[in-house]
**Student:** 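Pasting in a structure now, in structure tokens, and then I'll have a few things to ask.
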Amino acid sequence: MSAGGQQGRKPRADVQRNRAALLKAAQRHFLKYGVGTSLEAVAKEAGVGPGTLYRHFPTRESLLAAVLQTRSEELVARQEEIARLGDADKALEQWLRALEDYFSAFSGLPEPLMAAARAHDPDNPLTLPCDTVITATEQYVQAAQRTGHVRESVKGYDLFLAAISVAWLKGAGAAEEESLDRVRALIVAGYREQNTEA
């Protein structure tokens, strides 16, 4: 290839490097300061200007969605563990705990996720991750319904909201662990078929 061809590839490497640096910096800031952290501070830590950040991620939601995508491997790993249980009722309970952990990864994360799920705005980058999680939750619900463990009226979206609510309680420091366990038990009692043993 000519030097011109090599020069054509160089910006692409720079773009990828900048994007990776922004995602790493954003994850550190979200962990330390929550999802409302300063995006200018994220750009500064990544070694780029705010303009570069906004070229890659035009909105806070787009940056948050990209960071969540990098963390989705943890959720996939939990799904693989859950698949080995061979018990639809336990699988649903474990999935809800996995969602709770996922939703509480960053302080303030439940709010933008609930907003995206409620509005179902295709232009919101957080809508797709919410839809993906809600669809997976619906699959766990339906599997447990087929075995008679979950009431037929329960939907995956209902339990998505339940898990995200517990995550909000955790993130806000609004409940001790014992209280959270009681809330979880109430959720299970609410979706489980009445004639099913606990």
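All of these numbers come straight from a predicted model, not from anything done at the bench.
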**Student:** Got a donor-acceptor contact below 3.5 angstrom from the Thr37 side chain to the Tyr33 backbone?
**Tutor:**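 Not confirmed, Thr37 side chain does not pair with Tyr33 backbone.
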**Student:** Which atom pair, heavy atoms only, marks the closest approach of Cys130 to Leu113?
**Tutor:**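 Between these two residues, the closest heavy atoms are SG-O, 3.4 Å.
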**Student:** Does a salt bridge link Glu93 with Lys90, judged by any charged N lying under 4.0 Å from a carboxylate O?
**Tutor:**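 Answer for the salt bridge query: no.
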**Student:** With a 4.5 Å cut-off on side-chain heavy atoms, are Val67 and Phe106 touching?
**Tutor:**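 Contact flag for Phe106/Val67 side chains = yes.
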**Student:** How about CD on Glu177, more than 12 heavy atoms from neighbouring residues, nucleotides or ligands closer than 6.0 Å, or not?
**Tutor:**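 Result for CD/Glu177: enclosed.
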**Student:** Working to the nearest 0.5 angstrom, can you tell me the gap between Glu152 CD and Gln142 CD?
**Tutor:**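 So the CD of Glu152 and the CD of Gln142 are separated by 9.0 Å.
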**Student:** With a 4.5 Å limit on heavy-atom distance, are the side chains of Val35 and Arg60 in contact?
**Tutor:**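 No, their side chains stay 4.5 Å or more apart.
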**Student:** Linking I/L/V/M/F/W/Y whenever any side-chain heavy atoms sit under 4.5 Å apart, do Ile134 and Leu128 land together?
**Tutor:**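 Different hydrophobic clusters.
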**Student:** Which pair of non-hydrogen atoms, one from Leu126 and one from Ala116, has the smallest distance, and what is that distance?
**Tutor:**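 Looks like CB-CB, 3.7 Å.
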**Student:** Does the pair Val154 and Arg192 meet the rule for a side chain to side chain contact (heavy atoms under 4.5 Å, CB included), with working shown?
**Tutor:** CA-CA 9 Å; Val154 175; Arg192 185 173 276 150; over 6 Å; no
**Student:** Could you tell me whether the side chains of Gln145 and Arg151 share a donor-acceptor contact shorter than 3.5 Å?
**Tutor:**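 No donor-acceptor contact under 3.5 Å links the two side chains.
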**Student:** I need the minimum non-hydrogen distance between Gly148 and Glu193, along with the two atoms involved.
**Tutor:**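 Looking at all heavy atoms of both residues, the closest pair is O-CB, 3.3 Å.
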**Student:** Could you tell me whether Arg17 and Asp14 have a side-chain N and a carboxylate O separated by less than 4.0 Å?
**Tutor:**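 Result for this pair is yes, salt bridge flagged.
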**Student:** Using every non-hydrogen atom in the two residues, find where Leu64 and Pro112 come nearest and quote the distance to one decimal.
**Tutor:**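 Scanning both residues, the minimum pair turns out to be CD2-CG, 4.0 Å.
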**Student:** Nearest 0.5 Å please: distance from the CD atom of Glu176 over to the CG atom of Leu169.
**Tutor:**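 Here the rounded value is 12.0 Å.
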**Student:** The test is side chain to side chain contact (heavy atoms under 4.5 Å, CB included); show your working for Asn124 and Thr59 and say whether it passes.
**Tutor:** CA-CA 9 Å; Asn124 186 333; Thr59 64; over 6 Å; no
**Student:** For the atom pair CG (Asp158) and OG1 (Thr137), what is the distance rounded to the nearest 0.5 Å?
**Tutor:**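 It is 10.5 Å, given to the nearest 0.5 Å.
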**Student:** Could you walk me through whether His56 and Val15 pass the side chain to side chain contact (heavy atoms under 4.5 Å, CB included) test, one step at a time?
**Tutor:** CA-CA 9 Å; His56 284 278; Val15 166; 3.5 Å; yes
**Student:** Parallel, tilted or perpendicular: which one describes the rings of Tyr157 and Phe160, with boundaries at 30° and 60°?
**Tutor:**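 Geometry flag for Phe160 against Tyr157: parallel rings.
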**Student:** Should we say atom NZ of Lys24 is surrounded by more than 12 heavy atoms from elsewhere, each under 6.0 Å from it?
**Tutor:**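 Open.
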**Student:** Sequence neighbours left out, what passes side-chain contact (heavy atoms from CB on, under 4.5 Å) with Glu81? Give chain and number order.
**Tutor:**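 Per chain and number, Glu81 pairs via side-chain contact (heavy atoms from CB on, under 4.5 Å) with Arg78, Arg84.
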**Student:** Is it true that Lys155 and Glu138 make a salt bridge, defined as a side-chain N closer than 4.0 Å to a carboxylate O?
**Tutor:**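 Answer for the salt bridge query: no.
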**Student:** Closest approach of Ala65 and Pro125, non-hydrogen atoms and distance?
**Tutor:**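 So the minimum-distance heavy-atom pair works out to CB-O, 3.5 Å.
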**Student:** Is any side-chain heavy atom of Leu75 closer than 4.5 Å to one of Arg71?
**Tutor:**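 The answer is no, as the side chains (C-beta and beyond) never meet within the 4.5 Å cut-off.
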**Student:** So, taking the atom named CD1 in Ile187 and the one named CG in Leu159, what distance separates them when rounded to the nearest 0.5 Å?
**Tutor:**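 Reported value, rounded in 0.5 Å steps: 8.0 Å.
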**Student:** Does CD in Glu40 sit with more than 12 non-hydrogen atoms of other residues, nucleotides or ligands closer than 6.0 Å?
**Tutor:**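 Yes, because the 6.0 Å sphere around CD of Glu40 holds more than 12 heavy atoms from other groups.
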**Student:** Atom CD in Gln27, atom OG1 in Thr70: separation rounded to 0.5 Å?
**Tutor:**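 Answer rounded to 0.5 Å: 4.5 Å.
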**Student:** Once the angle between the rings of Tyr140 and Trp95 is folded into 0 to 90°, is it parallel (under 30°), tilted (30 to 60°) or perpendicular (over 60°)?
**Tutor:**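 Aromatic pair Tyr140/Trp95 classed parallel.
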**Student:** Leu53, Leu31: one ILVMFWY side-chain cluster at the under-4.5 Å cut-off?
**Tutor:**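 Cluster IDs for Leu53 and Leu31 match.
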**Student:** Any side-chain heavy atom of Leu92 sitting closer than 4.5 Å to one from Ile82?
**Tutor:**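 No; the side chains remain at least 4.5 Å from each other.
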**Student:** Does Leu109 form a side chain to side chain contact (heavy atoms under 4.5 Å, CB included) with Phe30? I'd like the steps, not just the answer.
**Tutor:** CA-CA 9 Å; Leu109 178 58; Phe30 288 154; over 6 Å; no
**Student:** Just verifying a value: how many Å separate Arg97 CZ and Gln94 CD, rounded to the nearest 0.5 Å?
**Tutor:**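 Here the interatomic distance stands at 7.5 Å.
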**Student:** Is there a side-chain contact between Arg184 and Val188, using heavy atoms and a 4.5 Å cut-off?
**Tutor:**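 Result no, sub-4.5 Å side-chain heavy-atom pair not found.
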**Student:** Below 4.5 Å, heavy atoms only, C-beta onward: do Leu99 and Val133 meet side chain to side chain?
**Tutor:**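 Sidechains of Val133 and Leu99: in contact.
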**Student:** Ignoring hydrogens, what is the shortest heavy-atom contact between Val150 and Ala144? Give both atom names and the distance.
**Tutor:**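 Closest approach of Val150 to Ala144: CG2-CB, 3.4 Å.
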**Student:** Are any non-hydrogen side-chain atoms of His149 and Tyr191 less than 4.5 angstrom apart?
**Tutor:**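 With C-beta onward as the side chain, the pair stays apart.
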**Student:** Would you mind reporting whether Glu45 and Leu22 have side-chain heavy atoms less than 4.5 Å apart?
**Tutor:**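 Heavy-atom side-chain distance check fails, nothing below 4.5 Å.
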**Student:** Measure from the side-chain N and O atoms of Ser104 to the backbone N and O of Lys170, and report whether any donor-acceptor pair falls under 3.5 Å.
**Tutor:**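 Judged by distance alone, no pair lies under 3.5 Å.
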